[in-house]
Amino acid sequence: MRLLINTPTEDAEAWRAQFLALAPELDIRIWPDAGPVEEIDVVFAWRTRAGDLARYPRLRAVFSLGAGVDGLLADPQFPRHVPLVRMVDPNLAVLMAEYVAAAVLRYHCELDRYQALQAGQRWEKHVRPFACERTVGVLGLGELGTNAARTLAALGFPVRGWARSAHAIDGVHTFAGEAGLPAFLDALQVLVCLLPLTPHTRGLLDARLFARLAPGAFVINVARGAHVVERDLLAALDSGQLAGATLDVFDTEPLPAGHPYWTHPRVLVTPHISSVTSLRTAAALVVDNLRQWQAGGRLRNVVDPERGY
Ligand code: NAP
């Protein structure tokens, strides 16, 4: 089987080495040196240039390096007859839950406030509420959102979760679909976004949504930058409707120099690291999926291109 790796160039050789260590039988090419286009069976990619995937006439599957596939489906010429497999690695869910818990606890324990007080050499004590008095909501109850919601519930927060379809998760009050969104949002004190980016979820975090949260709420976006309407987020922070935002993902990455987020006193910026695909564990999952498929089994974790996730 011929596999073309099209990941950021600095990672491609490392992925090749890892794949070959596990599956020496693979014939691996690194984009743009694909060789004859008709030889490529499978592409392993994060994002591709528009039209690139349509160049391989015998393409049988596309594997996404990440859990999100919006970057690949953004290509208007994406070959929709070819199965698109997303990254599902339990380790991604563990890493994400750690980041989300850290971001929520940073606000809950007011570490952001004490960091600002320290800058002014001020010794001021505040009594914080109990975790059971601060409601946290998680948008998206998939592989990552469910684990994050469970982790927050285990820390003692009342947790709400929202998805397209109905879910039952111990310790989490769940809501479904557009009809369930207002009740999910109502007076939430912390909102975590773990949705996939689709035409339905793009721009969901806007002024109207922020207005439904409790005054002084916090927003944590670890999904995609385009879920958030930037000017609405900045306006909500400046009006005090939001007290802070932790942002790991952005419309343009890297976040451009001079962007207002960089210097906003109530914004924490991290460079898309909340949950990073691990070569060690993810390559083994890809190889295992490929081998079962070659042996006549079904590909696992295939995305529905119409649904967009
Ligand atoms: P997933 O398993 O596909 O779960 C997606 C969840 O979102 C599902 O619960 C789904 O509802 C819900 N959903 C989708 N469209 C919806 C809509 N229109 N209304 C309400 N709910 C909707 O995805 P995942 O593996 O958890 O990953 C989620 C996202 O996290 C990825 O797409 C990616 O963008 C992001 N991510 C970020 C990082 C990072 O480092 N920052 C790392 C990995 C992933 P149903 O359950 O009803 O289908």
Side-chain angles (χ1 to χ4, degrees), residues 7-8 11 46-47 63-74 84-103 137-152 159-169 172-185 191-206 209 219-228 245-255 268-278 281-282 285 300-309:
T7 62
D11 296 348
W46 167 236
R47 289 168 194 277
F63 277 65
S64 167
L65 173 120
V69 291
D70 48 290
L72 291 164
L73 290 177
L84 169 58
V85 178
R86 71 189 200 93
M87 184 60 69
V88 176
D89 179 344
N91 295 292
L92 275 179
V94 171
L95 292 172
M96 185 57 87
E98 288 171 357
Y99 181 103
V100 168
V138 180
L139 290 164
L141 294 173
E143 299 291 331
L144 305 185
T146 297
N147 199 42
R150 283 206 181 107
T151 302
L152 293 167
V159 179
R160 297 182 198 159
W162 184 67
R164 227 164 56 120
S165 56
H167 285 248
I169 305 169
V172 179
H173 187 182
T174 56
F175 300 81
E178 269 179 49
L181 188 59
F184 163 83
L185 293 170
L191 179 70
V192 177
C193 180
L194 266 169
L195 289 166
L197 185 63
T198 70
H200 291 109
T201 63
R202 182 178 289 273
L204 183 74
L205 277 68
D206 64 359
L209 178 145
V219 166
I220 297 164
N221 186 20
V222 277
R224 287 290 181 264
H227 285 121
V228 172
T246 299
L247 306 174
D248 183 52
V249 285
F250 305 90
D251 253 345
T252 306
E253 296 184 3
L255 184 64
L268 176 66
V269 168
T270 57
H272 203 141
I273 48 70
S274 50
S275 179
V276 177
T277 301
S278 154
T281 57
L285 292 166
R300 294 190 303 270
N301 308 319
V302 174
V303 164
D304 175 348
E306 295 315 313
R307 230 174 39 160
Y309 70 98

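All ligand and atom numbering here is 1-based and tracks the order in the structure.
Residue contacts with ligand 1, taken as heavy atom pairs separated by less than 4.0 Å, involve Leu144 via backbone and side-chain atoms alike. Using a 4.0 Å cut-off between heavy atoms, Val276 makes no contact with ligand 1 at all. Using a 4.0 Å cut-off between heavy atoms, Arg224 contacts ligand 1 through its side chain alone, with no backbone atom that close.
Near Leu194, the atoms of ligand 1 lying under 4.0 angstrom from a non-hydrogen atom of the residue are 28 (C), 30 (O). Of all atoms in ligand 1, listed by their number and element, those nearer than 4.0 Å to a heavy atom of His272 are 39 (C), 40 (O), 41 (N). Of all atoms in ligand 1, numbered sequentially from 1 with element shown, those under 4.0 Å from a heavy atom of His200 are 18 (N). Of all atoms in ligand 1, listed by their number and element, those nearer than 4.0 Å to a heavy atom of Ala223 are 34 (O), 35 (C), 37 (C). Residue Arg164 has at least one heavy-atom neighbour below 4.0 Å for each of these atoms of ligand 1: 11 (O), 15 (N), 16 (C), 17 (C), 18 (N), 19 (N), 20 (C), 21 (N), 22 (C), 45 (P), 47 (O). Every atom of ligand 1 is numbered from 1 in the order shown, and the set under 4.0 Å from a heavy atom of His167 is 45 (P), 46 (O), 47 (O). Listed by number with element, the atoms of ligand 1 under 4.0 angstrom from any heavy atom of Ala67 are 25 (O), 43 (C), 44 (C). The distance from ligand 1 to the heavy atoms of Gly140 drops below 4.0 Å at these ligand atoms: 6 (C), 7 (O), 9 (O).
Contact between Ser275 and ligand 1 is present, with at least one heavy atom of the residue lying under 4.0 Å from the ligand. Ligand 1 has no atom lying under 4.0 Å from any heavy atom of Thr198. Contact annotation: Val249 has at least one heavy atom less than 4.0 Å from an atom of ligand 1. Ligand 1 lies less than 4.0 angstrom from a heavy atom belonging to Met96.
To the nearest 0.5 Å, the span separating CG on Leu65 from CZ on Arg47 amounts to 11.0 Å. Put simply, CG on Leu194 and OG1 on Thr146 are 9.5 Å apart, with the number rounded to the nearest 0.5 Å. In this structure, the separation between CG on Asn301 and CG on Leu285 is 8.5 Å, given to the nearest 0.5 Å. Atoms CZ and CZ, from Arg86 and Phe63 in turn, are 13.0 Å apart once rounded to the nearest 0.5 Å. The line from OG of Ser274 to CG of Leu95 is 9.0 Å long, rounded to the nearest 0.5 Å. Taking CG of Leu209 as the reference point, atom SG of Cys193 lies at 9.0 Å (rounded to 0.5 Å).
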Exercise for the section: Might you work through the side-chain contact (heavy atoms from CB on, under 4.5 Å) test for Leu141 and Ile169, ending with a clear yes or no? Expected result: CA-CA 9 Å; Leu141 294 173; Ile169 305 169; 4.0 Å; yes
Exercise for the section: Evaluate the criterion side-chain contact (heavy atoms from CB on, under 4.5 Å) for residue pair Val69 and Ser64; output intermediate values, then yes/no. Expected result: CA-CA 7 Å; Val69 291; Ser64 167; 3.8 Å; yes
Exercise for the section: Show the numbers, then the answer: is there a side-chain contact (heavy atoms from CB on, under 4.5 Å) between Asp248 and Ile273? Expected result: CA-CA 7 Å; Asp248 183 52; Ile273 48 70; 3.9 Å; yes
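The minimum heavy-atom distance between Leu197 and Asp70, with the atom names listed, is O-CB, 3.7 Å. The minimum heavy-atom distance between Val249 and Val222, with the atom names listed, is CG2-C, 4.0 Å. Nearest heavy atom pair, residue Arg160 against residue Ala183, reads NH1-O, 3.4 Å.
The shortest N or O to N or O distance between Gly142 and ligand 1 is under 3.5 Å. The distance criterion of under 3.5 Å between nitrogen or oxygen atoms is met by Ser274 with respect to ligand 1. For ligand 1, the polar-atom distance check finds no N/O of Asp70 at less than 3.5 Å from any of the ligand's N/O atoms. The shortest N or O to N or O distance between Ser165 and ligand 1 is below 3.5 Å.
For atom 48 (O) of ligand 1, the closest non-hydrogen atom on the protein side is Tyr309 OH, 2.6 Å. Of all protein heavy atoms, the one lying nearest to atom 9 (O) of ligand 1 is Leu141 N, 2.9 Å. Given atom 12 (C) of ligand 1, the protein heavy atom at minimum distance is Leu195 CD2, 3.9 Å. The shortest contact between atom 7 (O) of ligand 1 and any protein heavy atom is with Pro196 CD, 3.2 Å. Here the heavy atom of the protein found nearest to atom 19 (N) of ligand 1 is Trp162 CH2, 3.2 Å. In terms of protein heavy-atom proximity, atom 37 (C) of ligand 1 is nearest to Val222 O, 3.0 Å. Taking atom 1 (P) of ligand 1 as the reference point, the nearest protein heavy-atom neighbour is Arg86 NH2, 3.3 Å.
For the residue pair Thr270 / Tyr99, a side-chain donor-acceptor distance below 3.5 Å is found, with atom types taken as modelled.
With Asn147 contributing its side chain and Arg150 its backbone, the two residues share no donor-acceptor pair below 3.5 Å.
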Counting only pairs under 3.5 Å, give me each side-chain donor-acceptor contact of residues 173-181, with atom names and distances, residues two or more places apart or in other chains.
{"residue": "Thr174", "atom": "OG1", "partner": "His167", "partner atom": "O", "Å": "2.6"}

